[in-house]
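Just below is one structure, and these are the notes that go with it.
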Amino acid sequence: MLAGCAGQKPSSLSPEAAAKQAKLDRALALFSTNPAGGLPAEWEPLLFTRRKKTTDYQLVEEAGRTVLHAYADKASSGLRHPVNIDVNKKPWLTWSWKTSALIPTADNTQRETEDSPVRIVLAFDGDHDKLSLMDTILFDTAKLLTGHELPYATLMYIWENKAPAGTVIANTRTGRIQMMVAESGAAKVGQWVQYQRNVAQDYEKIFGEKPGRLIGVGVLTDTDNTGQQVEAWYGDIRLMREADGGE
């Protein structure tokens with residue numbers, strides 16, 4: 001779901017490409033460092049098909065800090081931040097989010113109702129020659145529809161209605177997109193909730209191999225399948241070398 005490409009060796013890059021690569025190698029740009037209003041710097045729209053209604057994203061101030069607000073009305077689009085990070089060396093992902101409500105009819109195990117009020121979306125590079133024929137066809141079709149290539153693998157952290165936290169749900173169309181339930185049920189609706197996950201361990205457990213380079217980080221609030229409305233907020237997203245440690 002997040003487009004991206006593997007980084008080239010520095011010796012083969014032009015000065016302009018080298019500057020772009022250095023930018024990708026840096027830490028994620030934080031929402032909190034932006035003023036309220038508009039979209040965060042270095043984050044760009046993430047569209048899945050040109051036919052879908054887009055989710056509205058805007059930076060807002062809450063409790064003295066800038067956070068990202070999302071509103072979806074029968075909509076599905078995200079924001080993405082291109083990166084080029086070795087998560088084997090920097091495996092700890094931290095983030096916070098809040099939702100105004102659950103999506104009553106959402107069920108991520110079913111194609112027709114696969115929606116979530118909040119998602120963190122991680123895109124990984126890898127050897128596309130390992131893809132099955134069916135996945136290759138799906139990837140080619142997605143490129144025609146969206147104008148960009150699907151990453152080798154996508155790992156999402158989602159808020160589910162019923163499936164318990166820790167449950168892994170495969171996308172109904174391809175095993176190259178997997179969802180891990182980070183939060184379940186309505187107990188924490190309306191509250192800011194903080195999370196910390198070892199992405200390298202989660203990826204290896206789910207996909208059965210060590211992760212390639214992380215090439216994109218995104219957020220996604222979507223209600224296109226259920227036709228519902230939902231409002232959500234995202235705090236800063238960070239990748240760190242150690243749990244509760246520095247970047």
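Atom NZ of residue Lys205 and atom CD of residue Gln178 lie 12.0 Å apart, to the nearest 0.5 angstrom. For the atom pair Arg111 CZ and Thr113 OG1, the distance stands at 11.5 Å (nearest 0.5 Å).
Cluster partners of Trp233, by chain and number: Val60, Val67, Trp192. The rule joins Ile, Leu, Val, Met, Phe, Trp and Tyr whenever side-chain heavy atoms lie under 4.5 Å apart.
Aromatic pair Tyr157/Trp95: ring centres closer than 6.0 Å.
For the side chain to side chain donor-acceptor pair (under 3.5 Å) with Glu183, the lone residue among Trp159, Trp97, Tyr195 that qualifies is Tyr195.
Under 3.5 Å, the side chains of Thr66 and Asn34 contain no donor-acceptor pair of N or O atoms.
Counting only residues at least two apart or in different chains, ring-ring contact (aromatic ring centres under 6.0 Å, His included) contacts with residues 206-227 comprise Tyr203-Phe207.
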inquiry  = Pair Ser32, Asp236 - check side chain to side chain donor-acceptor pair (under 3.5 Å), show working.
reply    = CA-CA 7 Å; Ser32 62; Asp236 287 337; 2.5 Å; yes

task = Please step through salt bridge (charged side-chain N to carboxylate O under 4.0 Å, His left out) for the pair Asp224 and Lys52, ending with a clear verdict.
result = CA-CA 8 Å; Asp224 57 315; Lys52 288 185 181 291; 2.5 Å; yes

inquiry  = side chain to side chain donor-acceptor pair (under 3.5 Å), that's the test. Do Asn108 and Arg119 meet it? Break it down for me.
reply    = CA-CA 12 Å; Asn108 284 272; Arg119 302 181 193 250; 3.3 Å; yes

task = Evaluate ring pair (Phe, Tyr, Trp, His ring centres under 6.0 Å) for Tyr57 paired with Trp43, printing each intermediate quantity in order.
result = CA-CA 11 Å; Tyr57 294 97; Trp43 291 75; 9.6 Å; no

task = Could you give me the CA-CA distance, side-chain angles and deciding distance for Tyr234 and Thr221, then say whether side chain to side chain donor-acceptor pair (under 3.5 Å) is met?
result = CA-CA 10 Å; Tyr234 296 87; Thr221 294; 2.8 Å; yes

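Across all their heavy atoms, Pro117 and Ala101 have their closest contact at CB-O, 3.9 Å. Contact between Leu28 and Ile237 at its shortest, heavy atoms only, is CD1-O, 3.5 Å. Of all the heavy atoms in Leu39 and Leu59, the pair that sits closest is C-CD1, 3.7 Å. The two residues Val118 and Lys98 come nearest to each other via the heavy atoms CG1-O, 4.2 Å. The minimum heavy-atom distance between Ser77 and Leu220, with the atom names listed, is O-CD1, 3.4 Å. Of all the heavy atoms in Glu231 and Thr99, the pair that sits closest is O-OG1, 3.5 Å.
Side-chain N or O atoms of Ser116 include none that pairs as donor or acceptor with a backbone N or O of Ile158 at under 3.5 Å. The closest donor-acceptor contact from the side chain of Asp73 to the backbone of Gln229 lies at 3.5 Å or more, if one exists at all. His81 contributes a side-chain N or O that, together with a main-chain N or O of Ala29, makes up a donor-acceptor pair within less than 3.5 Å.
Looking at Arg197 and Asp202, a side-chain N of the basic residue comes within less than 4.0 Å of a carboxylate O on the acidic one, giving a salt bridge.
Surrounding NZ of Lys53 are more than 12 heavy atoms belonging to other residues, nucleotides or ligands, all under 6.0 Å away.
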